[in-house]
Amino acid sequence: MVCGGFACSKNCLCALNLLYTLVSLLLIGIAAWGIGFGLISSFRVVGVAIAVGIFLFLIALVGLIGAVKHHQVLLFFYMIILLLVFIVQFSVSCACLALNKEQQSQLLEVGWNNTNSARTDIERNLNCCGFRVFDQNETCSSDCFKSRQCQPCAPIIEEYSGMVLTFVGGIGLFFSFTEILGVWLTYRYRNQKDPRANPSAFL
């Protein structure tokens, strides 16, 4: 049978949703591993990562069940949700890739000022204190604070921020195209008739 047939569309859709399932489990596992080994103490960061992983897992589950059963309603909702996710993810990925150094610096400073727990993790892992200026009167969880000879965290973070944003934007852009592929496959699969079904049955 040619690849444009019912079986090929079904198998491709199932394979795509199995990939999403693996990615979601990997995301949840990395978040749990990070907090388990003390690399991340911010429950907000871990909570967001786990919530995104669970959301992706549920979407993949809906798509997988819809593909296996050729369920019109599940496939319709799966297609709509995947399209919305594509729009959001594509926009965020493009924004990550388009940020210049000055915008990255402003974004990092806003994030630094609004997350106390993440700030503690950064100071401890990068062995730095403060964002732009090291203040000996402020508390700091890094090892260098004991000797009062710490460098600010901003230069260290900014050194890697561009690379991280490019990586995150590239990965997001790649998965956004898999999502639009999933929307197209779902649309085509919904309108195909199962050759094993009753010929007089509607789709």
Side-chain angles (χ1 to χ4, degrees), residues 3-34 40 42 44-108 110-111 114-115 118 157-192:
C3 196
F6 180 87
C8 184
S9 298
K10 177 179 180 179
N11 292 336
C12 288
L13 204 53
C14 288
L16 187 64
N17 284 290
L18 285 174
L19 174 65
Y20 288 156
T21 303
L22 291 175
V23 171
S24 67
L25 294 175
L26 184 65
L27 190 61
I28 296 170
I30 288 174
W33 176 79
I40 305 172
S42 174
R44 182 183 299 177
V45 173
V46 174
V48 168
I50 292 176
V52 170
I54 292 173
F55 177 71
L56 183 59
F57 179 79
L58 291 176
I59 291 176
L61 191 63
V62 169
L64 199 58
I65 294 172
V68 171
K69 294 182 176 294
H70 199 227
H71 197 288
Q72 295 292 309
V73 177
L74 286 179
L75 288 171
F76 174 77
F77 282 109
Y78 171 75
M79 184 173 61
I80 296 300
I81 294 170
L82 208 61
L83 182 62
L84 294 175
V85 171
F86 163 76
I87 294 170
V88 173
Q89 189 168 326
F90 184 79
S91 303
V92 172
S93 300
C94 290
C96 287
L97 294 172
L99 286 175
N100 57 37
K101 290 289 184 183
E102 184 180 350
Q103 292 169 330
Q104 290 174 21
S105 180
Q106 292 174 353
L107 187 64
L108 289 170
V110 170
N114 291 326
T115 54
I157 299 172
E158 288 172 356
E159 184 180 351
Y160 299 103
S161 63
M163 182 178 63
V164 170
L165 284 172
T166 302
F167 176 77
V168 170
I171 293 293
L173 206 59
F174 169 76
F175 274 103
S176 68
F177 284 114
T178 67
E179 287 155 7
I180 201 66
L181 174 65
V183 171
W184 176 73
L185 278 172
T186 306
Y187 175 78
R188 191 173 72 165
Y189 179 61
R190 284 186 76 242
N191 293 301
Q192 289 177 326

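With a 4.5 Å cut-off on side-chain heavy atoms, Arg190 and Gln72 count as touching. You'll find the side chain of Leu64 stays beyond 4.5 Å of the side chain of Tyr20, heavy atoms only. Proximity of Ser176 to Leu173: side-chain heavy atoms (C-beta onward) are separated by under 4.5 Å at one or more points.
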Pairs of donor and acceptor atoms involving the side chains of residues 82-91, under 3.5 Å and at least two apart or interchain, shall be tabulated with distances.
| unit_1 | atom_1 | unit_2 | atom_2 | d |
| --- | --- | --- | --- | --- |
| Gln89 | NE2 | Gly172 | O | 2.9 |
| Ser91 | OG | Ile87 | O | 2.7 |

Inset, instruction - Could you walk me through whether Thr166 and Leu97 pass side chain to side chain contact (heavy atoms under 4.5 Å, CB included), step by step? - result: CA-CA 6 Å; Thr166 302; Leu97 294 172; 4.3 Å; yes

Inset, instruction - Please assess Leu22 against Phe57 for the test side chain to side chain contact (heavy atoms under 4.5 Å, CB included), listing each intermediate value before the final yes or no. - result: CA-CA 8 Å; Leu22 291 175; Phe57 179 79; over 6 Å; no

Inset, instruction - Carefully, step by step, assess Leu181 and Phe177 under the rule side chain to side chain contact (heavy atoms under 4.5 Å, CB included). - result: CA-CA 6 Å; Leu181 174 65; Phe177 284 114; over 6 Å; no

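Looking at every heavy atom in both residues, Leu185 comes nearest to Cys12 through CD1-CB, 3.9 Å. In terms of heavy atoms, Leu75 sits closest to Thr186 at O-CG2, 3.3 Å. The nearest pair of heavy atoms linking Gly53 to Leu27 is N-CD2, 3.6 Å. Residues Ile50 and Ile28 come closest through the heavy atom pair O-CG1, 4.1 Å.
With values rounded to the nearest 0.5 angstrom, Leu61 atom CG is found 9.5 Å from Ser24 atom OG. We find the CZ-CD distance between Phe175 and Glu179 to be 8.5 Å, quoted to the nearest 0.5 Å. For the atom pair Ile54 CD1 and Leu58 CG, the distance stands at 7.5 Å (nearest 0.5 Å). Rounding to the nearest 0.5 Å places OG1 of Thr21 at 11.0 Å from CD1 of Ile59. Atom-to-atom distance recorded for Leu13:CG and Met79:CE is 11.0 Å, nearest 0.5 angstrom.
Side chain of Tyr189 to backbone of Ala67: a donor-acceptor contact under 3.5 angstrom is found.
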